[in-house]
Amino acid sequence: MENEIEKAYEAKKYEDTIYKRWEKSGAFTPKVDKKKTPFVISMPPPNATGVLHLGHAVMLAIEDILIRHHRMLGDSTLWIPGTDHASIATQNKVEQLLAEKGLDRHKLGREKFLEEVKKFVANSQNTIRNQIRKMGSSCDWSRERYTLDEGLTEAVQEVFVRMYNDGLIYRGNRIVNWCPRCESTLADDEVDYKEKNEKLYWIKYGPFTLATSRPETKLGDTAVAVHPKDKRYKKWIGKKVTIPGVIGDFEVIVVADESVDPKFGSGIIKVTPAHSFVDFEIAQRHKLPIKSVIDQKGRMMKNCGKYAGMTTTECRKAILVDMEKMGMLEKVEEYTHNLSVCYRCGTPIEPLISKQWFIDVDKPVIQDGKKKKSIKEKAIEVVKDGEIKIVPGKFKKTYFHWMENLHDWCISRQIWFGHRIPVWYCDGCEEAIVSRTKPAKACPKCKANKWHQDSDTLDTWFSSGLWTFSTLGWPKKTEELEYFHPTSVMETGYDILFFWIARMIIMTTYTLGEVPFKTVYLHGLIRDKFGKKMSKSAGNGIDPLEMIEKFGTDAVRLSLVIGGTPGNDMRLYEEKIAGYRNFINKIWNGARFTLMNVTEEDIKLQFDQTMVKTLADKWILTELQKLIKETDNNLKNFRLSDAGLKIYDFIWSKYCDWYLEMSKGENKNPAVLLFVLRSFLKLLHPFVPFVTEKIWESLNEKTMLLSSEWPKYDKTLVFTKDADTMEIIHQLIGKIRSLRSELKVESGKKIHAIIHGGKHTEALEKQREIIMKMGTLESLEIKKQGPKIPDSKAFFIGEVETYLPLKDMVDSGKELTRIKKEIEQKEQFIKSLESKLNNKGFTANAPKEVIQKETARLLEEKSNVKKLKELQNSLK
RNA sequence: GGGCGCUUAGCUCAGUUGGUUAGAGCAUCUCGUUUACACCGAGAGGGUCUAGGGUUCGAAUCCCCAAGCGCCCACCA
């Protein structure tokens with residue numbers, strides 16, 4: 001019919017239009033329908049900082065496959081998209097942009113700066129929305145959310161208030177990771193480590209000599225520590241010692257602490273509790289005084305004498321010069337160590353003491369039967385119990401390890417962009433009140449009536465930790481929340497298992513008393529051809545949009561899904577995408593050919609079993625049923641790659657290579673051609689939605705493919721025996737072709753063949769035309785049996801004997817040696833089979849099917865050898 | 001320092017609870033314009049599954065050990 005269909009599929013021409021039709025159809029927007037099973041994915045919200053990369057692309061591809069599959073299964077399927085305000089990341093990005101214009105946030109002031117951020121965010125949200133659409137993602141735009149939306153902000157405040165009232169949130173003066181550039185705290189896992197070559201200074205320290213990499217912190221020392229068992233220093237323990245310093249003498253106490261390694265340096269360390277985590281802990285254990293000397297901008301404080309106001313780096317230089325002058329510097333060594341840096345801007349972290357808000361992860365607050373559990377215990381429990389399943393399972397261990405070692409979570413950030421901490425202080429007496437809105441009453445302590453809000457904002461992961469339920473309307477009791485939560489699958493990269501997954505589990509089990517999701521699916525990172533991480537600086541990044549432009553979305557999606565397994569990194573490069581583009585084209589042409597061979601009437605016909613006619617029909621239908629079963633099984637177990645590969649193989653190697661080829665000529669059966677086409681389009685649709693939908697348009701269907709019904713396994717369409725016969729014919733044709741090629745018979749030249757078919761004679765006779773056509777035969781003689789035919793090339797498939805009388809091409813001498821070799825090989829194989837089958841251990845332990853299979857194979861090989869021997873005799 | 005993972009054809013990777021004479025795509029070689037597709041078709045070559053032990057009737061698959069590579073966590077002044 002549609003002769004005008006173009007030869008090659010041009011993705012670009014159709015994709016945008018198809019996406020618009022889907023969106024308009026309302027299929028992306030499910031309703032609360034108690035008769036249906038809900039299936040829900042909360043899309044990990046991309047940071048509102050700009051463009052999407054391959055990491056997003058792979059996430060969108062995988063999630064869309066799951067979503068489309070479930071939608072076709074008839075579930076009430078919801079995929080909520082959104083964006084994350086990503087406080088530090090976004091603020092930094094805008095600061096960079098301002099810096100290009102010679103501005104900075106302090107010059108602008110908080111309000112104006114936030115205006116700038118708002119504009120920037122709105123812009124990148126638009127970009128992100130378009131890119132998500134480009135990937136073909138069938139998400140529910142009507143429910144799109146942003147972590148700074150009014151509703152989500154309300155959820156954040158509500159959770160904060162609840163946690164505060166439960167005593168989980170407290171304010172404390174503690175040592176924190178401080179980024180002097182961002183001028184903010186960072187959580188432990190927001191610190192990166194960079195290996196760096198540094199200098200180790202050996203300095204005279206009163207009666208001791210010790211090694212330090214940070215001489216400038218000497219100004220904040222309040223103790224020295226040694227290992228309790230270190231004999232060298234035993235007599236000093238507990239003593240107070242006066243140390244001469246660059247700004248005068250000071251006193252320290254000598255303490256014994258297990259954390260000191262006697263083998264490193266001189267075995268003695270100076271303790272600077274205010275500017276080192278380890279030292280802070282030592283100070284806590286020994287109740288040492290704490291002296292801060294570095295401020296929040298990374299500058300030396302007023303108590304540092306002549307060094308006051310210098311940055312730490314300047315101070316180090318200056319102090320070294322002074323130490324040298326005073327003869328305190330003994331030697332300098334090179335050493336490498338891991339420098340902690342800010343994960344957002346790379347600036348070295350300055351540990352310092354600061355008053356911050358924390359979440360207590362160990363306080364038992366969750367009532368569970370008679371016991372009370374901490375949020376940490378609960379988060380461990382839900383994974384241990386299997387209430388949350390992690391795919392692949394290996395990440396469970398990592399999760400437990402991280403969770404078990406979790407310290408109190410510092411949630412306040414001195415960033416302007418984000419959710420303001422809902423705490424109000426009295427102008428008069430600094431009394432703090434936790435409240436979502438400005439207190440209307442006067443201060444209960446001093447009766448003043450002026451309040452100011454805490455200037456800090458919350459860690460961005462605090463709000464994203466609520467994502468699965470805040471997006472469904474919580475704290476309001478919405479229908480949606482009740483119906484769609486817990487969500488079904490959380491799919492994301494394994495790199496944010498801690499940042500995000502762990503926090504969602506903590507925050508949701510605490511707040512709702514239920515898990516945020518039932519399954520966590522973690523995908524790997526996309527790397528370049530050489531296995532390197534893609535990055536802007538390395539210039540090896542691949543832009544998904546560019547690839548979509550070049551090869552089409554469907555091809556990009558397949559290249560991101562096939563060949564990958566959960567939790568493992570995957571390499572991507574253009575040739576790979578091009579390969580899948582070729583497959584898309586193959587689908588297109590397979591469909592095109594099918595459509596060219598059917599009529600309008602055929603298309604309108606409803607398929608039923610009575611339309612099954614030929615052996616080929618029965619074979620392809622049997623294969624199709626097998627495929628449906630396998631696909632269901634693979635998708636259920638999140639084996640997307642396997643599922644995709646199997647469908648790929650079915651379409652290319654079975655439908656196109658064999659069924660379509662066999663349909664050329666008198667054998668074609670439009671009903672089955674169309675039925676199989678429709679079925680595999682459905683199976684394929686979740687993977688490559690655009691090309692399948694485009695083809696579907698030509699099939700006179702009432703609904704779009706995305707809303708069509710998923711194929712069901714139908715055992716009345718399984719014809720095992722016929723399918724087996726067809727396999728024999730395939731082998732037979734394959735062998736004929738292979739021999740032709742081996743004997744260098746010209747491609748187009750027709751040859752003769754004689755088949756002794758045994759019990760398959762009748763079936764083979766029926767397929768005479770196909771065998772002749774596909775084997776390029778001039779004549780074909782089929783009979784039940786007969787003597788071996790000399791001067792011909794012969795081969796045996798089970799009972800079926802085939803002879804190609806190519807007298808002039810067959811060298812009977814060579815043929816004899818070949819046959820001899822084959823017999824030898826086969827006899828050896830028979831021997832191994834026999835010994836296996838005679839082995840009592842095997843027959844006693846192996847499953848029945850395996851024994852049956854091996855027995856059958858033995859019989860077949862034996863019969864082959866028998867035939868080969870007869871052939872051998874006839875040639876002699 | 002602690003933990004995890006990977007090592008299978010020239011390249012990129014599959015290989016489910018142990019049961020094949022170990023698979024796919026790309027690349028290579030030979031042939032080919034025939035009712036769709038050269039983004040194609042037909043055929044072929046190519047692997048002692050990193051090395052070494054063990055368990056088992058049977059190991060690419062399970063256990064031990066070694067090497068190389070990679071990741072995560074902790075972090076030493």
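Quick note on labels: first sequence line is chain A, next is B, and so on, each numbered from 1.
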List, with names and distances, any nitrogen or oxygen atoms from the protein found under 3.5 Å away from nitrogen or oxygen atoms belonging to nucleotides 59-63 of chain B.
none

Let me know, please, whether A:Gly267 or A:Thr398 comes out on the 5' side of the other along RNA chain B by nearest nucleotide. A:Thr398
Please compare A:Asp188 and A:Asn637 by the position of their nearest nucleotide in RNA chain B and report the one closer to 5'.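 Between the two, 5'-proximity favours A:Asn637.
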A:Leu497 atom CG is separated from B:C71 atom C1', nearest whole Å, by 13 Å
In whole angstroms, how far is the P atom of B:C40 from the OH atom of A:Tyr9?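 Taking OH of A:Tyr9 and P of B:C40, I get 17 Å after rounding.
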So, OP1 or OP2 of B:U12: does either fall under 4.0 Å of a side-chain N or O from A:Lys576?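 It does not, given that no N or O in the side chain of A:Lys576 lies less than 4.0 Å from OP1 or OP2 of B:U12.
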Looking at B:C75, I'd like to know if its phosphate oxygens (OP1 or OP2) sit under 4.0 Å from a side-chain N or O belonging to A:Tyr193.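 Yes.
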The correct set of residues in residues 255-262 of chain A placing a heavy atom under 4.0 Å from RNA chain B is A:Val260, A:Asp261
Can you list, by residue number, the residues of residues 559-572 of chain A that have a non-hydrogen atom closer than 4.0 angstrom to RNA chain B?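 Of all residues in residues 559-572 of chain A, the ones placing a heavy atom under 4.0 Å from RNA chain B are A:Gly563, A:Thr565, A:Arg571.
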Between B:U17 and B:U61, how far apart are the P atoms? Round to whole Å, please.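 Here B:U61 and B:U17 have their P atoms 14 Å from each other.
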Keeping to residues at least two apart or across chains, list the ring pair (Phe, Tyr, Trp, His ring centres under 6.0 Å) pairs with something in residues 566-598 of chain A. A:Tyr9-A:Trp588, A:Phe583-A:Tyr648
With the criterion being N/O to N/O and under 3.5 Å, what pairs connect the protein with nucleotides 42-50 of chain B, and how long is each?
from: B:G43; atom 1: O2'; to: A:Ser741; atom 2: OG; distance (Å): 3.0

What is the per-nucleotide protein-contact pattern of nucleotides 18-24 of chain B, from the 5' end, where B denotes a base atom under 4.0 Å from a protein heavy atom, S denotes such proximity for sugar-phosphate atoms only, and - denotes neither? -BSB---
Among pairs that include at least one residue of residues 395-404 of chain A, which meet side-chain hydrogen bond (donor to acceptor under 3.5 Å, both in side chains), considering only residues two or more places apart or in two chains?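 Of all non-adjacent pairs touching residues 395-404 of chain A, those that pass side-chain hydrogen bond (donor to acceptor under 3.5 Å, both in side chains) are A:His401-A:Asn405.
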Pair A:His407-A:Asp188, side-chain donor/acceptor within less than 3.5 Å: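 Judged by distance alone, the side chains do not pair up.
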So do the side chains of A:Leu833 and A:Glu854 get within less than 4.5 Å of each other, counting heavy atoms only?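 Sidechains of A:Glu854 and A:Leu833: in contact.
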Pairwise N/O distances under 3.5 Å, protein to nucleotides 32-35 of chain B:
from: B:G32; atom 1: O4'; to: A:Ser747; atom 2: OG; distance (Å): 3.4
from: B:U35; atom 1: O2; to: A:Asn597; atom 2: OD1; distance (Å): 3.2
from: B:U35; atom 1: O4; to: A:Gly665; atom 2: N; distance (Å): 2.1

Can you give the dot-bracket line for RNA chain B, where a pair is Watson-Crick or G-U wobble with both atom distances under 3.5 Å, crossing pairs use [ ], and | marks a partner on another strand? (((((((..((((.....[...)))).(((((.......))))).....(.(((..]....))).))))))))....
Could you list all the salt bridge (Lys or Arg N to Asp or Glu O under 4.0 Å) pairs where at least one residue sits in residues 740-750 of chain A, not counting sequence neighbours? A:Glu742-A:Lys793
Just jot down the ring pair (Phe, Tyr, Trp, His ring centres under 6.0 Å) partners of A:His730, sequence neighbours excluded, or say none.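 With neighbours one apart ignored, the set is A:Trp619, A:Trp658.
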N/O donor to acceptor pairs below 3.5 angstrom from side-chain atoms of residues 215-225 of chain A, sequence neighbours left out:
from: A:Glu216; atom 1: OE1; to: A:Arg316; atom 2: NE; distance (Å): 3.0
from: A:Glu216; atom 1: OE2; to: A:Arg214; atom 2: NE; distance (Å): 3.0
from: A:Glu216; atom 1: OE2; to: A:Arg214; atom 2: NH2; distance (Å): 3.2
from: A:Glu216; atom 1: OE2; to: A:Arg316; atom 2: NH2; distance (Å): 3.1
from: A:Thr217; atom 1: OG1; to: A:Arg214; atom 2: O; distance (Å): 2.8
from: A:Thr217; atom 1: OG1; to: A:Lys270; atom 2: NZ; distance (Å): 2.7
from: A:Lys218; atom 1: NZ; to: A:Pro244; atom 2: O; distance (Å): 3.3
from: A:Asp221; atom 1: OD1; to: A:Lys270; atom 2: NZ; distance (Å): 3.0
from: A:Asp221; atom 1: OD1; to: A:Thr272; atom 2: OG1; distance (Å): 2.6
from: A:Asp221; atom 1: OD2; to: A:Tyr205; atom 2: OH; distance (Å): 2.5
from: A:Asp221; atom 1: OD2; to: A:Lys270; atom 2: NZ; distance (Å): 3.3
from: A:Thr222; atom 1: OG1; to: A:Pro289; atom 2: O; distance (Å): 2.9

